[in-house]
Amino acid sequence: MRQKIVAGNWKMNNDKQETKTLIEDVKTEIENLSLENTRVIVAPSFVNLESAVNLAEGSSIEVVAQNMHQAKSGAYTGEISADMLKSIGIKSVILGHSERRTYFGETDELLAEKVNAVLENDLETIFCFGELLEDRKSDNHFNVVESQLKNALFHLEAKDWSSIVLAYEPVWAIGTGETASPEQAQEMHAFIRSIVEKQYNKEVADNVSILYGGSVKPANAEEIFSKPDVDGGLIGGAALKASDFSAIIKAI
Ligand code: 13P
């Protein structure tokens with residue numbers, strides 16, 4: 001049975017003290033919840049990652065990284081390797097976020113290399129993708145999503161998919177307050193599951209968790225999560241407030 005996941009992508013927010021406060025507050029908010037088959041994830045900045053791992057220890061919160069370099073080590077100023085992440089207890093990495101694609105020029109081809117590095121290191125990836133507003137307006141959103149998955153993930157073998165979580169984030173819904181309707185999310189998630197099944201098999205498609213991201217808030221989470229192919233959310237702004245994030249966790 002595929003897992004439900006609520007993941008908070010903190011992006012470039014929260015200093016050391018704010019990281020501590022937010023993790024502790026989320027811990028308190030969720031300590032009495034029964035989180036059967038549900039994962040709660042936070043992705044703080046690199047600089048606070050190790051302290052976040054330590055703060056989350058013994059709780060249901062998993063700490064993941066927001067990015068990773070594809071090389072093992074070497075002259076890549078400012079970058080972070082899989083070994084570095086593993087050495088502080090990180091087991092999962094967000095890749096392919098639209099902000100990485102837009103502001104840092106990450107292409108599908110580069111992301112395929114990063115995904116390979118994740119798998120070679122026995123890590124998991126929460127792999128983000130999604131169309132631009134112009135793609136949706138021109139009715140090209142299914143093609144865009146299919147090619148993003150094909151270029152970055154469809155070279156993998158079926159067995160690799162136990163280390164893949166998909167996060168569909170339509171770019172027009174990220175940080176805009178404009179959410180995909182539950183019907184739009186379901187339609188795209190069902191399409192994603194169908195192309196994974198076509199490329200691999202039903203078992204892979206049934207087992208992969210597909211998260212929705214883009215302006216998920218306490219007010220809309222329950223309706224989005226009620227859709228059969230939506231297995232949770234990747235949350236930006238609302239993950240920065242413990243009460244909102246925990247309300248979204250409760251919605252699942
Ligand atoms: P918002 O929830 O702020 O729209 O951000 C979504 C996102 O980009 C999560 O990765």
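Ligands are counted one by one from 1 in listed order, and the atoms in each one are counted from 1 as well.
- By the criterion of a heavy-atom distance under 4.0 Å, both the backbone and the side chain of Ile174 are placed next to ligand 1.
- Atoms of ligand 1 lying under 4.0 Å from at least one heavy atom of Gly175, given by number and element, are 1 (P), 3 (O), 4 (O).
- For Arg39 and Glu124, the salt-bridge test passes: some basic side-chain N is under 4.0 Å from an acidic carboxylate O.
- Alongside Phe104, the hydrophobic cluster contains Tyr103 (criterion: ILVMFWY side chains under 4.5 Å).
- The aromatic rings of Phe154 and Tyr200 sit perpendicular, their planes meeting at an angle over 60°, well past the 30° parallel limit.
- Residue Lys11 has at least one nitrogen or oxygen atom sitting less than 3.5 Å from a nitrogen or oxygen atom of ligand 1, judged on distance alone.
- Ala167 does not count as a contact of ligand 1, since none of its heavy atoms falls under 4.0 Å from the ligand.
- Residue-ligand proximity: Lys217 is placed with every non-hydrogen atom at 4.0 Å or more from ligand 1.
- Put simply, the side chain of Ser87 never gets that close to the backbone of Leu85: no donor and acceptor are under 3.5 Å apart.
- For Cys128, no heavy-atom contact with ligand 1 is shorter than 4.0 Å.
- Residues that satisfy the ring pair (Phe, Tyr, Trp, His ring centres under 6.0 Å) test with Trp10, not counting sequence neighbours, are absent from this structure.
- Counting the atoms of ligand 1 from 1 in the order shown, those under 4.0 Å from a heavy atom of Ala173 are 4 (O).
- A salt bridge does not link Glu222 to Lys250: none of the charged nitrogens lies less than 4.0 Å from a carboxylate oxygen.
- Heavy-atom separations between Ala238 and ligand 1 are all 4.0 Å or longer.
- Among all protein heavy atoms, the one lying closest to atom 2 (O) of ligand 1 is Gly236 N, 2.9 Å.
- Of the protein's non-hydrogen atoms, Glu169 OE2, 3.1 Å is the one closest to atom 7 (C) of ligand 1.
- The closest side-chain donor-acceptor pair between His155 and Asn116 falls under 3.5 angstrom.
- Geometrically, ligand 1 and Ser215 share a nitrogen or oxygen pair separated by less than 3.5 Å.
- For ligand 1, the atoms lying closer than 4.0 Å to a non-hydrogen atom of His97 are 7 (C), 8 (O), 9 (C), 10 (O).
- Where the criterion is an N or O separation shorter than 3.5 Å, residue side chain and backbone included, Gly214 fails it with respect to ligand 1.
- Using a 4.0 Å heavy-atom cutoff, Gly213 is absent from the residues neighbouring ligand 1.
- One finds a salt bridge joining Asp83 and Lys72 here, because a Lys/Arg side-chain nitrogen approaches an Asp/Glu carboxylate oxygen to under 4.0 Å.
- The nearest heavy-atom contact from the protein to atom 3 (O) of ligand 1 is Gly237 N, 2.8 Å.
- At least one donor-acceptor pair closer than 3.5 Å links the side chain of Ser215 to the backbone N or O of Ala173.
- Ion pairing between a basic and an acidic side chain is recognised when a charged N comes within 4.0 Å of a carboxylate O; Asp108 and Lys150 show no such pairing.
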